[in-house]
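Positions are given from 1 along the sequence. The figures that follow rest on heavy atoms only: side chains count, while hydrogens, waters and symmetry mates do not. Just so it is clear, the structure is predicted and the values come from calculations on it, not from any experiment.
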Amino acid sequence: VSRGPLREAIRQLVDQGLIDSIPYTGTYVAKITVKAIQELYSFRTELEQFAFKLVWEKRDENFRKELNDQLKKLINAIKNNDREAAIFEELELHNVAYKYSGHELLQDTWQRLRGRLHLYFTLHQTAHN
């Protein structure tokens with residue numbers, strides 16, 4: 001891999017909070033703490049409440065269809081005991097509300113949190129089977 005794509009990948013991981021880049025020191029895997037998880041979940045709760053406030057009046061047949069289609073994908077992944085797919089589909093289900101909110105900063109913030117949420121969900125699944 002050339003340096004350009006590698007730098008871009010590292011920048012994206014830093015943006016998602018999955019790795020820490022310390023100037024003149026190096027790049028390290030981010031530490032996962034109980035406090036970090038609690039903060040992420042509480043922040044996510046506030047973001048989702050805001051997203052649904054924005055979406056509530058905009059709900060239409062397209063929104064309902066996309067939400068139901070995504071829910072079916074999630075249920076199917078759970079029935080198939082495909083943990084990785086279930087995590088992905090759950091995040092996609094939440095993504096529907098953010099997408100329909102029409103709020104670009106909210107959507108950008110959600111995208112930046114998704115990687116960290118995916119990691120935490122995966123760790124939770126692994127720890128609790």
Taking a hydrophobic cluster as the set of Ile, Leu, Val, Met, Phe, Trp and Tyr residues connected by side-chain heavy atoms closer than 4.5 Å, whether directly or through intermediates, do [X] and [Y] fall within one such cluster?
{"X": "V29", "Y": "L119", "answer": "no"}
{"X": "L47", "Y": "L91", "answer": "yes"}
{"X": "F52", "Y": "F50", "answer": "no"}
{"X": "V14", "Y": "L113", "answer": "yes"}

If you take all heavy atoms of [X] and [Y], which pair is closest and at what distance?
{"X": "A77", "Y": "E89", "answer": "CB-CG, 4.5 Å"}
{"X": "S21", "Y": "T27", "answer": "OG-OG1, 3.9 Å"}
{"X": "L93", "Y": "L71", "answer": "CD1-N, 3.9 Å"}

Checklist line | Derivation and outcome, side chain to side chain contact (heavy atoms under 4.5 Å, CB included), residues L67 and Y100 | finding: CA-CA 10 Å; L67 198 62; Y100 276 85; over 6 Å; no
Next item on the list: Consider only side-chain N and O atoms of E90 and H118, and report whether a donor and an acceptor are under 3.5 Å apart.
Entry: no
Next item on the list: Indicate whether the side chain of Q12 and that of E8 have a donor and an acceptor atom separated by less than 3.5 Å.
Entry: yes
Next item on the list: Go through the structure and list residues passing side-chain hydrogen bond (donor to acceptor under 3.5 Å, both in side chains) with Q111, not counting sequence neighbours.
Entry: N95
May I have the list of side-chain donor-acceptor pairs in residues 53-63 shorter than 3.5 Å, sequence neighbours left out?
{"residue": "K58", "atom": "NZ", "partner": "S101", "partner atom": "O", "Å": "2.6"}
{"residue": "R59", "atom": "NE", "partner": "W56", "partner atom": "O", "Å": "2.8"}
{"residue": "D60", "atom": "OD1", "partner": "N62", "partner atom": "N", "Å": "3.2"}
{"residue": "D60", "atom": "OD1", "partner": "F63", "partner atom": "N", "Å": "2.8"}

Evaluate the side-chain proximity of [Y] to [X]: yes if any heavy-atom separation is below 4.5 Å, no if none is.
{"X": "F88", "Y": "R114", "value": "yes"}
{"X": "Y98", "Y": "E48", "value": "yes"}
{"X": "L123", "Y": "I37", "value": "no"}
{"X": "D108", "Y": "R112", "value": "yes"}
{"X": "L117", "Y": "W110", "value": "yes"}

Margin query: If you apply the rule salt bridge (charged side-chain N to carboxylate O under 4.0 Å, His left out), what do you find for D69 with K65, and how did you get there?
Written below: CA-CA 6 Å; D69 289 348; K65 181 179 180 339; 2.8 Å; yes
Notebook entry, point to check: Could you state the interatomic distance from CG (L40) to CD1 (I32), rounded to the nearest 0.5 Å?
Noted result: 10.5 Å
Next item on the list: Measure the CZ-CD distance between R116 and E39 for me, rounded to the nearest 0.5 Å.
Entry: 9.5 Å
Checklist line | Remaining members of the apolar cluster that contains I22, side-chain heavy atoms under 4.5 Å | finding: Y28
